[in-house]
Amino acid sequence: MSEKLELPVVLVSGKDSFLVTSFKGELHTHKGVINLEELTEKNYGDEVRTHKGQSFKILPFSPSDFFRHFRRSATPIMPKDIGAIIAMSGLRPDSLVLDAGTGSGMLAAYIAYFNRYGEVITVEKRRDFAEVARKNFKLAKLKNIHQLIGDVNYISDGFKKEFDLIVLDMKDDYVFIPKAKDILRVGGYLAVYNPYIEPSKRVYEIMKKADFVELECFELLKSNYEFKKIGTRPVTRVWHTGFIVIGRKC
Ligand SMILES: C[S@@+](CC[C@H](N)C(=O)[O-])C[C@H]1O[C@@H](n2cnc3c(N)ncnc32)[C@H](O)[C@@H]1O
């Protein structure tokens, strides 16, 4: 059954993926130029050709496209780490989540998507970064994210609610741990992402002293492979992204 296109859509050819947010004008790719007006007559799964005859498939924009197509400000968390946070932090479709700092909004967007009936409050101290994230949330049509601009250490003084999950990806994250414990509900989780082991160890030790249970500090390594006639080998050059500390308030 054919399904009419709804913006945004993605045009995919092999490993290439292009984001389309308008059915007007032209899209210039290294495989040639696509007349976007042609898309108005198409359905998902149809193909569209560049002026050089190269074919692209038309697919709906999906959460896997957040990472490919979101604009970037601060370095976003990688999907493998986001997946672990979502799977290990008790996230339900109706959770109340605090995310600091917002950065590009990558983590906040994935959490909001899988928390369809809940809410994400995301705090960013830089207005310009918050603006980039706002555009990303709009692209992803996420309406359950509330953005606050300021230092989470002060802004959170106004929080009365009990959060189900707090995620931190910001410098000096350890300072916020006592406050995070105060505003988490019993059974709620705190997940802290850090690219370096020393701050992660510090976070782990502070969370241990603060009686968080099910406490873990880990990193995930993802290795991509290429398959050639001569043989198979990993193509991932940078393995390390960051460490995650997760614990549960009791
Ligand atoms: C690495 S980025 C976060 C990336 C984000 N998790 C993502 O996936 O796109 C860290 C962000 O924290 C913000 N930040 C640092 N300290 C903060 C604070 N005390 N309160 C709010 N935001 C803070 C920085 O401005 C920066 O944008």
Side-chain angles (χ1 to χ4, degrees), residues 19 62-89 91 95-115 119-142 144-159 163 165-184 189-200 202-203 206-207 218-220 222 238 240-246:
L19 177 70
S62 89
S64 54
D65 291 307
F66 295 175
F67 195 79
R68 277 189 208 100
H69 293 299
F70 270 11
R71 294 167 200 223
R72 306 280 168 101
S73 58
T75 309
I77 303 191
M78 300 289 282
K80 72 178 172 76
D81 297 316
I82 293 174
I85 291 171
I86 287 177
M88 296 174 68
S89 65
L91 187 77
S95 302
L96 178 64
V97 182
L98 173 63
D99 164 66
T102 314
S104 307
M106 200 67 72
L107 180 59
Y110 278 101
I111 287 179
Y113 184 86
F114 293 108
N115 182 24
E119 287 173 82
V120 178
I121 295 174
T122 184
V123 186
E124 171 56 56
K125 65 180 184 184
R126 284 188 53 168
R127 189 169 289 277
D128 53 341
F129 286 5
E131 183 54 22
V132 170
R134 190 186 68 75
K135 289 183 178 143
N136 289 334
F137 300 149
K138 193 172 170 207
L139 176 76
K141 298 183 180 158
L142 293 166
N144 56 340
I145 306 184
H146 309 280
Q147 287 189 265
L148 300 175
I149 298 171
D151 185 333
V152 71
N153 293 294
Y154 300 107
I155 280 197
S156 57
D157 285 346
F159 294 161
F163 288 88
L165 167 63
I166 298 178
V167 286
L168 304 179
D169 174 15
M170 61 179 200
K171 209 166 166 270
D172 298 331
D173 41 23
Y174 70 95
V175 176
F176 192 67
I177 294 173
K179 187 60 183 280
K181 194 180 174 198
D182 278 355
I183 60 177
L184 268 178
Y189 285 84
L190 172 60
V192 186
Y193 175 88
N194 223 302
Y196 300 104
I197 194 63
E198 291 84 0
S200 295
R202 187 176 199 171
V203 164
I206 294 174
M207 285 176 69
F218 61 91
E219 79 171 313
L220 294 175
K222 174 173 175 272
V238 181
H240 170 72
T241 54
F243 303 96
I244 297 171
V245 180
I246 295 189

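Counting starts at 1 for both ligands and their atoms, following the listed order. All heavy atoms count here, side chains included; hydrogens, waters and symmetry mates do not.
- The single protein non-hydrogen atom nearest to atom 20 (N) of ligand 1 is Val152 N, 3.0 Å, given as residue, atom name and distance.
- Relative to the ring axis of Phe129, Arg126 places its NZ or CZ within 45° and under 6.0 Å from the centre.
- Residue-ligand proximity, Val123 to ligand 1, at heavy-atom distances under 4.0 Å covers atoms 21 (C), 22 (N).
- Each of the atoms 20 (N), 21 (C) of ligand 1 lies under 4.0 Å from some heavy atom of Gly150.
- Taking CG of Leu19 as the start and CG of Leu139 as the end, the distance is 5.5 Å to the nearest 0.5 Å.
- Remark: among candidates Lys125, Lys171, Arg127, the nearest residue to atom 23 (C) of ligand 1 is Lys125, based on non-hydrogen atoms.
- In this structure, Ala108 does not count as a contact residue of ligand 1, since none of its heavy atoms falls inside 4.0 Å of the ligand.
- Nearest protein neighbour of atom 6 (N) of ligand 1, counting heavy atoms only, is Asp169 OD2, 2.8 Å.
- Numbered from 1 in the order shown, with element, the atoms of ligand 1 that lie under 4.0 Å from a heavy atom of Ser104 read 9 (O).
- In the candidate list Arg126, Arg72, Glu124, Glu124 is nearest to atom 26 (C) of ligand 1, counting heavy atoms.
- For atom 2 (S) of ligand 1, the closest heavy atom belonging to the protein is Ala74 CB, 3.5 Å.
- Checked by distance only, ligand 1 and Gly105 come closer than 3.5 Å through their nitrogen or oxygen atoms.
- One option in Asp128, Ile77, Thr75 has a heavy atom closer to atom 8 (O) of ligand 1 than any other, and that option is Ile77.
- In this view, Ser200 and Asn194, Ile197, Cys217, Phe243, Val245 satisfy the side chain to side chain contact (heavy atoms under 4.5 Å, CB included) rule, not counting sequence neighbours.
- One finds the CG atom of Asn144 at 11.0 Å from the CD1 atom of Ile111 (value rounded to the nearest 0.5 Å).
- Considering every non-hydrogen atom in both Ile149 and Lys125, the closest pair reads CG2-O, 4.1 Å.
- Among residues at least two apart or in separate chains, salt bridge (Lys or Arg N to Asp or Glu O under 4.0 Å) pairs with a member in residues 67-78 are Asp65-Arg68.
- At distances below 3.5 Å, at least one donor-acceptor pair connects side-chain atoms of Asn136 with backbone N or O atoms of Ser104.
- Nearest heavy-atom pair across Val167 and Ile85 is CG1-CG2, 3.8 Å.
- Relative to atom 14 (N) of ligand 1, the option among Met170, Met106, Met78 with the closest non-hydrogen atom is Met170.
- Around atom 7 (C) of ligand 1, the closest heavy atom drawn from Thr122, Asp99, Thr102, Asp151 belongs to Thr102.
- Using the six-membered ring where Trp is involved, Phe66 and Tyr110 have ring planes that are tilted, between 30° and 60° apart.
- Within a 6.0 Å sphere centred on NZ of Lys222, other residues, nucleotides and ligands contribute 12 heavy atoms or fewer.
- Annotation: atom 12 (O) of ligand 1 to nearest protein heavy atom, Gly101 CA, 3.5 Å.
- Interface atoms of ligand 1 facing Leu107, defined by a heavy-atom separation under 4.0 Å, are 7 (C), 8 (O).
- Of all atoms in ligand 1, numbered sequentially from 1 with element shown, those under 4.0 Å from a heavy atom of Asn153 are 19 (N).
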